[in-house]
Amino acid sequence: MTRVRFAPSPTGLLHIGGLRTALYNYLLARQTGGVFVLRIEDTDRTRFVPEAEKDILDSLAWAGLTVDEGPTQGGDAGPYRQSERTARYREAVDRLLDDGHAYIAFDTAEEIAELRERRQREGHDSTGYSAATRGEMTNALTLDVGQVQQRLDAGDDHVVRLKVEPGQTVRFEDAVRGEVAFETDTVDDQVLLKSDGMPTYHLANVVDDHAMGITDVIRGEEWLPSTPKHVLLYDALGWKPPRFAHLPLIMSPTGGKLSKRSADRLGIPVNVRQYREAGYEPEAVVNFLAFLGWNPGTEQEGFTLDELVEAFSVERIGTSGAQFSLDKLNWFNGQVLRELEPEEIAVRARPEVEAKHGAVDASALVAAATLLRERIEKASDLADADYLFGEVTSYDETALKKRWKDDSARLVATYADRLEADSEFTEASTEVAMRQLAEDEEVGFGRVIHPVRLATTGVSAGAGMFETLVTIGRDTVIERLRRAAAELT
RNA sequence: GCCGCGUUCGUCUAGGGGUCUAGGACGCCGCCCUCUCACGGCGGUAACACGGGUUCAAAUCCCGUACGCGGUACCA
């Protein structure tokens, strides 16, 4: 049984890259009939943000990724917050200590910084706390048993470090990259237990993945360099490592990390929350994210979540970093929108429309969606159609210049008169009336239709003129035509 | 610096020794449709990082170089 996990740190709003990691895990779980676990990795008390867990939950739910086991869902492998599992880490550490795979160290942050600086200055390849340097430091390997006990009894700050044996090669199979190898001489004696008693990511991750029966670890490529530490830990604890799959990183459109800073500058949202607030459809975000680093090997581009579950495979995940493209996301969003019924678009557009125009009828919203759905990129764009939800208060300057001629006021006024006489007021009748008017006045059709569009909508772009007129409604149309004829000369 | 990973159109990518005069999608440009703007349809632009091998044959395999990215924390 496949068991995968998404294991974010509650340090802020969920990052879009985090959602992709969650998505790939979810897809593998669903495809194999496995279990999707959510585990909150809250071991860093200094960066902990209380609201973050809720944002993670909300974001996953928004994207449609349902969690099988997690802090709010429960499950047999709980608890699902690392801060609630400290006894297990302690137990593992004791075992590592007893077996000589780990040791206690007393060095202060300053002493370690000094070590690094010195190694750097002396031009060594490795700069950290490792087999090459631990003999010079203050730890259970250099102190005698009595001294260690004495310092422990005195309550001195200390950490527990993994004892990495030099001269070995750690190999593991990565599902997307193939075999990856690291020399242990380049692997530092990683801290496993911090001086505050909390585990580091490395320890907690290995202990929990084992305890929760995780079979496949799908995570970002930034973890690849620390995977040898994890493999060493599994070995030391006598456990079988899971399968690893390291995802290519999502990069900024200008290259480099898609950080908060670079994204802000480029106007790209970084948090899932921001995508939601910007009016993106979750289906579009999911579809777009799925294609950032994966492809189905066919030419199909539009996928529902269920179709992705069907088509997904770890083998087809790519190896190189993928630059984020807002253009492509927008295109996906348009595709999703065109598949939605007007009623559904109306539901999604409502908050934005009401924020701008006040309360609106459901029927007005649906009518607007029906009229404009081919022309909007986001459901919330409906709110821009002022002429459907309020008054026409101004006219587009450039359009006015181009389309409003000397005879426009007269033609628009005359058209208003003819509509007043038109009891049907349908798409057909309003069009016939306009064609008749153009013929009677011996002017081109465009001479009438463009000024009428301007007068009734205030803008030059929009849906078919006659559908638009019918949607706006007869009385309002006539009133707007007359007012424009009077105001614009 | 050191370690690791990567490198096909501007971007996402297909392709994994001959079928590649390198395919698709986004973007961009043009045409068609048309009352505008879109949608849609059709067409166009544009890429195998570089250098050595291996081979009858290399975008595809090997080595090197360059470049990019990640890691190098008592952060994850």
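Small disclaimer: the values here were computed from a predicted structure and weren't measured. Just so it is clear: chains get the letters A, B, ... in the order the sequence lines come, proteins before strands, and each one is counted from 1. Worth knowing before you read on, the calculation uses all heavy atoms, side chains too, and leaves out hydrogens, waters and symmetry mates.
Looking at which nucleotide of RNA chain B each of E467(A) and T319(A) is closest to, the 5′-most match is held by T319(A). Mapping R403(A) and P248(A) onto RNA chain B by nearest heavy atom places P248(A) at the nucleotide closer to the 5' end.
When distances run from any side-chain atom of R116(A) to the nucleotides C69(B), C74(B), G27(B), the shortest one goes to C74(B). Side-chain atoms of T200(A) lie closest to C75(B) of the nucleotides C75(B), C5(B), C12(B). Each of A76(B), C35(B), G1(B) was ranked by its minimum atom distance to the side chain of E41(A); first place goes to A76(B). Here the side chain of D327(A) is nearest to one of C26(B), A73(B), G71(B), namely C26(B). Nearest nucleotide to the Q120(A) side chain, out of G6(B), C35(B), G1(B): G1(B). When distances run from any side-chain atom of R453(A) to the nucleotides A76(B), U36(B), A25(B), the shortest one goes to U36(B). Closest to the side chain of L224(A), from the set C35(B), U8(B), C5(B), is C5(B). Of the candidates A73(B), A38(B), C69(B), the closest approach to any side-chain atom of E374(A) belongs to A38(B). The side chain of H450(A) approaches U36(B) more closely than any other nucleotide in the set U36(B), A76(B), G6(B). Residue S320(A) places its side chain closer to U7(B) than to any other of G71(B), C12(B), U7(B).
At a threshold of 4.5 Å between non-hydrogen side-chain atoms, the residues F172(A) and P241(A) do not count as touching. Contact check for P10(A) versus K54(A): no side-chain heavy atoms found under the 4.5 Å cut-off.
Separating the P atom of C9(B) from that of G53(B) is a span of 25 Å, rounded to the nearest Å. Of the P atoms belonging to G4(B) and G41(B), the separation is 48 Å, rounded to the nearest Å. Rounded to whole Å, the C1' atom of G51(B) lies 34 Å from the corresponding atom of G44(B). Taking atom C1' on both nucleotides, C28(B) is separated from C12(B) by 16 Å, rounded to a whole Å. Taking the P atom of each, G27(B) and C62(B) are spaced 37 Å apart, rounded to whole Å. Taking the P atom of each, A57(B) and U19(B) are spaced 14 Å apart, rounded to whole Å. Nucleotides U34(B) and G16(B) are separated by 47 Å at their C1' atoms, to the nearest Å. A distance of about 36 Å separates the C1' atoms of U11(B) and C35(B), rounded to the whole Å.
Residue T43(A) is classed as a sugar-phosphate contact, given heavy-atom separations below 4.0 Å to backbone atoms only. When heavy atoms are screened at a 4.0 angstrom cut-off, A399(A) is found touching no nucleic acid atom at all. Among the atoms of the strands shown, base atoms are found under 4.0 Å from some heavy atom of S195(A). Residue-level contact check: S9(A) touches the backbone only, with heavy atoms under 4.0 Å from sugar-phosphate atoms and none from bases. E431(A) comes within 4.0 angstrom of nothing in the nucleic acid, heavy atoms only. Residue V191(A) is classed as a sugar-phosphate contact, given heavy-atom separations below 4.0 Å to backbone atoms only. When heavy atoms are screened at a 4.0 angstrom cut-off, F182(A) is found touching the sugar-phosphate backbone but no base atom. Using a 4.0 Å heavy-atom distance criterion, D42(A) is classed as making no nucleic acid contact. Within the 4.0 angstrom heavy-atom criterion, base atoms lie near R47(A). G293(A) comes within contact range of the sugar-phosphate backbone alone, with a heavy-atom separation under 4.0 Å but no base atom that close. At the heavy-atom level, R373(A) lies nowhere under 4.0 Å from the strands shown. Residue contacts for G462(A): at a heavy-atom cut-off of 4.0 Å it reaches a base atom on one of the strands shown.
R316(A) has a side-chain polar atom (N or O) that falls below the 4.0 Å cut-off from OP1 or OP2 of G15(B). Within the structure, a side-chain polar atom (N or O) of Q335(A) is placed less than 4.0 Å from OP1 or OP2 of G40(B). Note on N295(A): every side-chain N or O is 4.0 Å or more away from OP1 and OP2 of U13(B). Proximity of S325(A) to the phosphate of G27(B): no side-chain N or O atom is located under 4.0 Å from OP1 or OP2. For A76(B), one of the phosphate oxygens OP1 or OP2 lies less than 4.0 angstrom from a side-chain nitrogen or oxygen of K194(A).
Here E427(A) contributes atom CD and M465(A) contributes atom CE; the two are 11.0 Å apart, rounded to the nearest 0.5 Å. From I104(A), atom CD1 reaches atom CZ of R151(A) across 11.5 Å, with rounding to the nearest 0.5 Å.
Base pairing of G30(B): its partner is C42(B), meeting the Watson-Crick or G-U wobble criterion (both donor-acceptor distances under 3.5 Å). The base-pairing partner of C5(B), taking Watson-Crick or G-U wobble contacts with both distances under 3.5 Å, is G68(B). Remark: U11(B) base-pairs with A25(B); criterion is Watson-Crick or G-U wobble with both hydrogen-bond distances under 3.5 Å.
Checked against the 6.0 Å centroid criterion, the rings of Y280(A) and F288(A) do not qualify as a close aromatic pair.
For the pair Q82(A) CD and C75(B) P, the interatomic distance rounds to 13 Å; values are reported in whole Å. With rounding to whole Å, L247(A) atom CG is found 17 Å from C5(B) atom P. Separating the CD atom of Q323(A) from the C1' atom of G10(B) is a distance of 9 Å, rounded to the nearest angstrom. Spacing between atom CG of N287(A) and atom C1' of U13(B) amounts to 14 Å, rounded to whole angstrom units.
The aromatic rings of F244(A) and H246(A) lie parallel to each other, with less than 30° between the two planes, well short of the 60° mark. Taking the six-membered ring for Trp and thresholds of 30 and 60 degrees, Y275(A) and F324(A) have ring planes inclined between 30 and 60 degrees apart.
Side-chain contact, R161(A) with N139(A): no donor N or O sits under 3.5 Å from an acceptor N or O. A donor atom on one side chain and an acceptor atom on the other are found under 3.5 Å apart for S252(A) and T254(A).
Contact annotation: side chain of R375(A) to base of C37(B), donor-acceptor pair present below 3.5 Å.
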